[in-house]
Amino acid sequence: EEKTILTGVVPDHATIAIGRRWNHETHHCEIMIRDSFGNKCDKLDLNKVICNQDGTFWIREKDLIKALFFTSSLNDY
């Protein structure tokens, strides 16, 4: 059973990065993620994310990079 740092067990779900911001308090770049888990963040490690309770959450860029195990990207043709 494969594991991730965000959720523990790898679930059947999808995520997409939809925004970014600079956090002036922590001096880190944060990425906004929309996740197919739904509006709650009960499946996420709340020590690593800031939950927005609307199906999105913020995560530090370096934590996101550590959590990636499969990615796809769309390009303009």
Side-chain angles (χ1 to χ4, degrees):
E1 191 170 79
E2 193 171 358
K3 298 194 179 261
T4 72
I5 64 167
L6 289 179
T7 62
V9 176
V10 175
D12 183 18
H13 83 289
T15 58
I16 186 168
I18 60 171
R20 68 180 176 163
R21 69 180 181 190
W22 181 256
N23 186 320
H24 293 282
E25 292 179 17
T26 64
H27 304 284
H28 286 98
C29 179
E30 296 176 339
I31 308 297
M32 179 183 271
I33 302 293
R34 177 163 307 280
D35 195 272
S36 64
F37 284 144
N39 292 345
K40 295 182 181 176
C41 292
D42 57 344
K43 296 185 181 192
L44 298 173
D45 181 346
L46 297 179
N47 293 316
K48 297 195 181 295
V49 303
I50 300 167
C51 183
N52 296 320
Q53 301 296 332
D54 65 356
T56 65
F57 60 89
W58 292 100
I59 182 170
R60 287 190 337 186
E61 180 182 41
K62 71 178 196 170
D63 290 333
L64 177 63
I65 290 168
K66 289 178 189 175
L68 294 176
F69 60 93
F70 177 77
T71 62
S72 297
S73 63
L74 301 174
N75 298 310
D76 292 334
Y77 292 98

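Just the heavy atoms: all of them, side chains too, but no hydrogens, waters or symmetry mates, feed the values below.
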**Q** Testing the basics here: between K48 and I59, what is the closest heavy-atom pair and its distance to 0.1 Å?
**A** O-CG1, 3.6 Å
**Q** As an exercise, state the distance from SG of C51 to CD1 of I33, rounded to the nearest 0.5 Å.
**A** 13.0 Å
**Q** With C29, which residues qualify under disulfide (SG to SG under 2.5 Å), at least two apart?
**A** none
**Q** I'd like to check H28 versus D63 (side-chain heavy atoms, cut-off strictly below 4.5 Å). Are they in contact?
**A** no
**Q** Is W22 close to H27 at the side-chain level, that is, under 4.5 Å between some pair of heavy atoms?
**A** yes
**Q** Okay, side chain of D54, backbone of T56: is any donor-acceptor separation there less than 3.5 Å?
**A** yes
**Q** Are more than 12 heavy atoms from other residues, nucleotides or ligands located less than 6.0 Å from atom CZ of R20?
**A** no
**Q** Return yes when atom CD1 of I16 has more than 12 non-hydrogen atoms of other residues, nucleotides or ligands closer than 6.0 Å, and no otherwise.
**A** no
**Q** Name the residue from N47, N52, L46 that meets the side-chain contact (heavy atoms from CB on, under 4.5 Å) definition with V49.
**A** L46
**Q** Check whether I50 and I31 end up in the same hydrophobic cluster, where Ile, Leu, Val, Met, Phe, Trp and Tyr are linked by side-chain heavy atoms less than 4.5 Å apart.
**A** no
